[in-house]
Amino acid sequence: MDINVLMLSIVVGFANGMATFLIASGLSLTFGVMRIINFGHGTFWELAVYLSFSLMGLFAFSSNSFWLVLLIAPVIVAILGGIAEVAFLRPIYLQHGLYHVLVTFGIAMIVAELVKMTWGTNIIAISGPRLPVKSVSVLGQNFPAYYLFVVVVSGLVGLGLWFLLVRTRLGVLVRAAIDDRDIASAMGVGVDWMFTGMFMLGIWLAGLGGVLMGPMIGISPGMGISILFNCFVVVIIGGMGSLVGSLVGSLILGLVLSIGNVLMPTFYVLLPFMLMVVTLIARPQGLFGAPEV
Amino acid sequence: MMKTNSRMTLIGLLAIVVWFVAVFSGSVAKAASPEKSVRIGWLSPLSGFNAEVERMFSDGARLAVQEINKAGGTLGMPIELVNVDSKGSPQGALEACTDLDIRRGVKLIAGTITAVESSALIDYAKDHKVLGFVANGQDDAFTAENFNQHSFRTPFSVYVASKAFAMYVASRPWTKIYIAGRDDSHGHELVHRFWLNMRKLKPEVKSIGESWSSLSVMDFTSVIAAIAASKADACLAAHYGARCVSFLRQAQAFGLFDKMTVMDMHGLAADCSTALGKQFPARGVVAVVECPWWVQEPAMQKFVRAHTEFTGGVYPGFLSYGAYRTIHLIAKAIERAKATDVDNVIRALEGLTMDTPAGPIRVRNFDHQVISPIWVAEGAIDPQYPIAVGINMTKYGEEVFPTKEQVEAVRKTRKWE
């Protein structure tokens, strides 16, 4: 393989991995704390993309419309996620896991239909921010500045999450709940509100990912399902509930797809499935996940 | 008090009887005169896969119905479009056909966007002897190996697009092509037929790499990195809808159009160009076009005005144009047949010619394919319009459609060679 091709593939794979990390970490966090696989995660991502489209129109008078939307849209989606959690998930926490899957799937359907009813079915394309430069040289390759911006934001958010979970008292409580929520609850931790907060944080991450990815893609209803699939691959490889696992899983997926596309272009679409199967056989809890006791 | 209650009950009962008679007599009257309108069943994905382009598709059919009815209908009767959800799936299309045929008694059925829905429609038409008119499905099999006397197809097929691209490539000094295919039967057929034609037209043109993306992919950057690194002269892509928008945006961000031309069958489709607006790549996109709405011909401009008025500003694309022509063809066939029954309409459709905004079209007898002019055009931004237009257009006619000999050979061998 030509060294330039390899460099470009690495840069592209890394950038894709970081964009996926943002969304997958939200799914992983929700599972880690609440032991709920949120099938609605992708549709909240989709909701954020559509919401950013409308808000961009609303703030069109401002030259900083994108930045305003980047701040506001994920928060709105997180609030809606919080409402959904209190209304639909809280009553069924003690039920079997299958109920959680069915209810989050139901939430996904509701959100998807609301998106269709509100924004219609036409394809849309969202404008990105005006950056001082269009492209930047990375490893000798010209790389779009906006993609680099997404990598930087994802990295900063990842650091922020690590700080929150490892260096703050809230993080200690969250980790305690991840390890054993019954004991955490018995020790006086307000598990219900922690669950709501963490669910909202997970949805906020999905929303942030949605707003950031909006200017890179064409948007049509139902795209949340596609993004959810990538998130599942990441959390299976990295391990459910592990922030580091999400990061490593995202980067592995991004790099494998990118380099695989050059080395084996006909079969590279199989690579995510193969990665998933190999991980489930060799290490069912994922690379950084804790084994079930 | 008792008397008042009885009177009220009597009035209530009378009101119910009057309402019942009014409603019932209406339905009896309707049932007794089924020929008051010509009902055409219309299958479109109101839900499920491709629901995002349903309105764009069906608006063409509705516009045609409006025009025909304004002009007095067909055989003096208005056309009624009976729209049923095909759910974007073969099962949905089959259920919709059954609903139209068995429950509603509609025997002239048209519509469908995808190859799988269209396949269900033509199979139903064959088995139940109704008319199945495919308004968008582009699978070659409909008019070749799976052809039946009850089905017709308006748009050009995959073979036609691939041959037009092959002829276009042959006219350029290009020898290295990268394939960025869509990993479904349609995408593979396009590439297979492209090389089939390319080998005959200019054998020195070679593939120097290929990638296949699944339908759910929205991130093409790794594919684009591989294309950019391939040093190809041009890339043959096969994306449509939101995926086409994603592909073009990402190719533009990574400067792919500075390095080569990308040929995408649906690159200038209205759904794609409308979404991108002025963000459409200023150069480097080449597409197959059936409805060059930017051409300043009176018939085309009249159609564009009608279309934009009807849709609230949407320019016509291949979906709405295919639907529009399909309904007009059926209406014209009914006029020609002077009847609305399936057999007479089929006979009238065979060999039928009709003027359309893009020029005259004709229905072939031997495969029921509509022959219409098509163009290969380069996408460009024109300040006069809010969306991309085509420039440097090359027009093709029946020479890009499979010949009778080819079709008959495929029906025998079930192979495109």
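Values in this document were obtained by computation on a predicted structure and should not be read as measured data. Numbered from 1 within each chain, the chains take letters A, B, ... in sequence-line order.
Residue A:Ile227 touches chain B through both its backbone and its side chain, counting heavy-atom pairs closer than 4.5 Å. Heavy atoms closer than 4.5 Å to chain B are found in both the backbone and the side chain of A:Ser220. With a 4.5 angstrom heavy-atom cutoff, B:Gln279 touches chain A only via side-chain atoms. Looking at A:Phe143, the atoms closer than 4.5 Å to chain B (heavy atoms on both sides) all sit in the side chain, from C-beta outward. With a 4.5 angstrom heavy-atom cutoff, A:Met223 touches chain B via backbone and side-chain atoms both.
The candidate with the highest count of non-hydrogen atom pairs below 4.5 Å against chain A, out of B:Met56, B:Gln250, B:Arg243, is B:Gln250. For the options B:Val314, B:Ile179, B:Val223, B:Leu276, heavy-atom pairs under 4.5 Å to chain A are most numerous at B:Val223. For the set B:Ser214, B:Ser213, B:Ser47, the entry with the most heavy-atom pairs within less than 4.5 Å of chain A is B:Ser213. Interface summary for chain B: among A:Ser127, A:Gly222, A:Gly128, A:Ala145, the most heavy-atom pairs under 4.5 angstrom belong to A:Ser127. Taking chain A as the reference chain and counting heavy-atom pairs below 4.5 Å, the highest number among B:Asp219, B:Leu248, B:Asp183, B:Val217 is found for B:Asp219.
The closest donor-acceptor contact from the side chain of B:Tyr324 to the backbone of B:Arg62 lies at 3.5 Å or more, if one exists at all. Within the 3.5 Å criterion, the main-chain N or O of A:Gly26 finds no donor-acceptor partner in the side chain of A:His41.
The aromatic rings of A:Phe39 and A:Phe105 stand perpendicular to each other, their planes meeting at an angle above 60°, with 30° marking the opposite boundary.
Residue A:Tyr147 comes nearest to B:Ala253 through the heavy atom pair CE1-CB, 3.9 Å, listed as atom of the first residue, atom of the second, then distance. Of all heavy-atom pairs between B:Asn83 and B:Glu54, the closest is OD1-OE2, 3.9 Å.
Side-chain N/O atoms of B:Trp195 and B:Ser207 include no donor and acceptor closer than 3.5 Å. With hydrogens and angles left out, the side-chain atoms of B:Glu117 and B:Thr114 include a donor and acceptor closer than 3.5 Å.
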